[in-house]
Amino acid sequence: MKQPNRYLSLCFMFLIVAFPARIMAQSDIPTPKSHFGFNIGDDYQLANFTQTEAYFKKLDAASDRVKLVDIGKTEEGRTQYMLVVSSPENMRKMDHYRQISQKMARAEISEEEAKSLSKEGKAVVWIDGGLHSTETVAMQQLIEMAYQLASRNDEETLNILDKTFVLLVHANPDGQELVSNWYMRESDPEKRSLSGIPTMYHKYIGHDNNRDFFMLNMKESQNIARQLFVEWIPQIMYNHHQTAPAGAVVAGAPYRDPHNYVFDPILMTSLDALGAAMHTRLNSEGKPGYTQRGGSVFSTWYNGGLRTTTYFHNIAGLLTETIGGPTPYQIPLVPSRLLPNGDTPNPVLPQIWHFRQSIDYSVSMNYAVMDFAARNSDKVLYNIYRMGLNSVEKGSQDNWSFSPSKIEAINQSYQNAQASTDQQGPGQRFGRGMPLEHLESVLNNPEYRDPRGYIIPADQVDFTTAIKFLNSLIRTGVVVHKATSDFTVAGKSYPSGSYIVKTDQAFRPHVLDMFEPQDHPNDFQYAGGPPIPPYDAAGWTPAFLMNVKFDRYQDDFTGPFEKLAHGQLLSVPETQLPSGRYYVLSAHANDSYVVANGLMKAGISVQRATSNGDFIVDANSRNRNVLADLVKQTGVKVTATNNRPSTIPVKASRIALWDTYGGSMPSGWIRWIGEQYGFDMQLIFAPEIDNGGLNDKYDVIVFVGGAIPGVSQGGGGGGFGGGGQQMANIPAEHQFRVGRITEERSIPALKEFLEKGGKIVTIGSSANLAFHLDLPVRNALVELVNGREVPLPNEKYYTPGSVLRTKTDINHLANWGMDEYTDIYFARSPVFKLTAGGVANGTIKPLMWFDTETPLRSGWSWGQSYLKDGVNAFEAQVGQGKLYVFGPEITFRAQAHGTFKLLFNQLYK
Ligand SMILES: [Zn+2]
């Protein structure tokens, strides 16, 4: 199996009769070995990006089946590539077939035309690799696939080339370079290892690069989304990952529940069909160890992964998680995995596993998917159209869809009826179910209709953040309309320039998901038992987390609306500087902070109004010029006043942001946010903290979740501790990163920093610092058992990643620019009780708290009433300094724009 030329020689005999011209065309394809010096999948060998890029260029030059497309730059400035592969005949009409693919997915054509185009068109299959760079199989298989598709001449390959376009997409060039070079830096192959990589394999966000696909903050995500949702819109996409659960080789489609109720059923059954094609091919080739559905943790609930976002666009997204790597690996003995069952019909025996086996599995599964697409090209093209049309139809009429809370409403209706005395009503019985009138209590209730569209008014105070939200939709191919003049809907007036997103479009599932709450089911291992954690977040509604003001309509509406071209990004609004003696920038608008920071960097004095935190700037001619530039870049609205409000001056702080060896994702997100909003931050690592003297260098230190260990935990917080043997293996230039925050050395240094007037901001679990400092706060999520406070068990209270609404003290300086109620991203986040003494003597001030028993806005919060009266953010005076504790993830994945200000406000002097 290890000779790539095998295919060439075998097929040569077959093809010499039928396709002599192709033989000539494909004979000069360079093998991986001729280029890299090793076969893809040889033990202890990894190709880096520089080598891969050069190889892709050779394939492009040598093969008329292959076109190398530059899809944009990476965050580190490399070129990100996609290889388009099809038959030479098809390649000559590539744009024509690409447009057919677009038309089918957008479903803006008649059914007749769709049927005809489904016959004329070619199925488009997306295969990517290398998103998570330490998952080396995923990247290296992409190289092997490119070679095999360019060189093979067997009947199956030729049919695939004839009937499909295959898009081979490099998902993370920067990471491949980092990881491969790290592994290969040891000359002795046996010493090569993927452990101990000093930084993340994405410049800012590491593994979270697979959590960015509805928000699309990162360049790589944007490049990929452009091809995936605007340019090509493949019917099938295959996203390679690593690794399988212990005792298996591959975890793949179909996946476990819950699946998201907004999906088209054709999508779910397409995953069954494709999963079966991959799984059956492995079995027929004698490749055991595939597990599906309950055999792994992967579900189809979450939006935001590279694979999962495709579901909300009617694309059959496949994920496999495959074991293996360049260093041989022992498949462990897991007895429960050895018994064949529906999830794992063909178990694998424990054995030493080599890299090439994983490459071969990947090639087999890729071929299964491509072969499926080739054999069913017309059907997969028609089905994406059908799913799009179903969406258009659902969005064009009153439609009632079911979600867990609507099922609960039916049950509630029945229980209410049971409770009343008259049980002999006229309700019609169906089998042994409930009387049908309880269904009608939901289905005939206009309040339960699906929305027909949303209006985003142009006169909202943080309009440029709303534009960012709209651009994230447009980047995934959602159709947006713009009002060309003022208009009125249901008695409410809207200004010209407002935006409209309607649900009568092909990507309706994505539209609903961006605006509506995610209504997660109560998912338990058994009745009364522990909850089953969602694979990632349970709720994320970006319109809530970004604090976008919008109106939701369940009746159709029209107006002077202009449809914007697919994928055409909105530019920032054009605004004019007004006249007056003082310029005013609203504290409610996030981009006001960009402008304020730009002004300060230009040496201009900036004040904040003591009443509400608005930024105030003298309107002299110099300031006017600098301000005009900044306003042009951001689109932020400026007002003016002639009466100087009461103000305090603000100055840029010297900001330190905690990070650690190997890189912290939440820290990386803040590093990126800091760059976007003009806050200069220095990274700080545990050894520097332990050395003390922090007040000389910094005014404020920011700790993300995972940095500060719990009091009783001992040891250290997140990060890589090092240790003698490991330290010796770390290059000198990275050694300053090594170490953890410890109770013995770091906490006293932080305490000293606070007492001498420093400011510390903690997010998420780093609230632990408050307990180390013995502040008068306690965990609120506890119960009394035998007279002792213990954390509430998951059976009673459980809130995985979800959106909750919290009351906010808008008069506190820390909360300037916030609304009275704030939607926060909450993921098993800490919640506090403040002791009365601390509040009374003014050392502790609550900033945000839950004032209701039903704070859940989107996602899942089991036992949410326990949150009532819990404080989720507070300010504490410590000596001369201040500690700001935020339990929720206020900067979550650079999605929670609505709470960025809670960080920004603490970053000024
Ligand atoms: Zn992965």
Side-chain angles (χ1 to χ4, degrees), residues 46 49 74-75 80 126-143 145 168-180 182-183 194-195 197 199-214 218 220-221 224-225 228 237-246 248-253 255-256 275 278 289-292 295-311 317-327 329 353 355 358-359 361-362 365-366 369 533-537 662-666 668-669 801 893:
L46 284 181
F49 176 73
T74 68
E75 289 291 351
Q80 191 168 8
W126 169 292
I127 296 171
D128 61 54
L131 183 68
H132 292 155
S133 310
T134 48
E135 302 169 5
T136 51
V137 172
M139 180 55 232
Q140 305 289 307
Q141 62 82 30
L142 196 73
I143 302 169
M145 276 315 300
L168 301 176
V169 183
H170 196 311
N172 183 8
D174 299 344
Q176 187 195 358
E177 193 76 352
L178 172 76
V179 168
S180 296
W182 180 259
Y183 183 82
L194 289 168
S195 71
I197 300 172
T199 57
M200 292 186 287
Y201 50 66
H202 179 280
K203 181 180 176 185
Y204 296 100
I205 59 170
H207 190 272
D208 264 1
N209 67 354
N210 198 26
R211 303 290 182 270
D212 191 37
F213 281 93
F214 61 73
M218 296 296 139
E220 294 85 352
S221 322
I224 287 172
L228 197 49
M237 75 86 73
Y238 181 0
N239 178 223
H240 282 262
H241 287 264
Q242 191 171 336
T243 183
V249 178
V250 183
Y255 311 98
R256 72 169 173 97
M278 299 161 85
Y290 189 104
T291 189
Q292 60 189 9
S296 78
V297 296
F298 305 100
S299 76
T300 47
W301 174 259
Y302 172 65
N303 196 344
L306 171 50
R307 162 192 60 119
T308 58
T309 301
T310 65
Y311 300 144
L318 300 164
L319 158 110
T320 56
E321 298 268 347
T322 309
I323 63 165
T327 302
Y329 161 81
W353 194 261
F355 198 16
S358 297
I359 299 294
Y361 268 59
S362 301
M365 294 187 288
N366 288 334
V369 172
Y535 178 66
D536 192 85
S664 152
M665 292 185 278
W669 282 114
R893 292 175 181 166

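Residue indices begin at 1 and follow the sequence shown. When a ligand or atom number is given, it counts from 1 through the structure's own listing order.
Under the ring pair (Phe, Tyr, Trp, His ring centres under 6.0 Å) criterion, Phe355 pairs with no residue, sequence neighbours left out.
For Thr308 and Asn303, the side-chain atoms include no donor-acceptor pair closer than 3.5 Å.
For the pair Asp174 and Lys203, the salt-bridge criterion is not met [side-chain N within less than 4.0 Å of a carboxylate O].
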Please report the C-alpha distance between His132 and Asn209 in whole Å, then the side-chain angles of each, then the deciding distance to 0.1 Å, and finally whether the side chain to side chain contact (heavy atoms under 4.5 Å, CB included) criterion is met. CA-CA 8 Å; His132 292 155; Asn209 67 354; 3.1 Å; yes

Determine, stepwise, if the pair Thr300 / Arg307 fulfils side chain to side chain contact (heavy atoms under 4.5 Å, CB included). CA-CA 9 Å; Thr300 47; Arg307 162 192 60 119; 3.9 Å; yes

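Using a 4.5 Å cut-off on side-chain heavy atoms (C-beta onward), Thr322 and Met365 make contact.
Protein N/O/S atoms found under 2.8 Å from the Zn ion (ligand 1), listed by chain and residue number: His132 ND1, Glu135 OE1, Glu135 OE2, His241 ND1.
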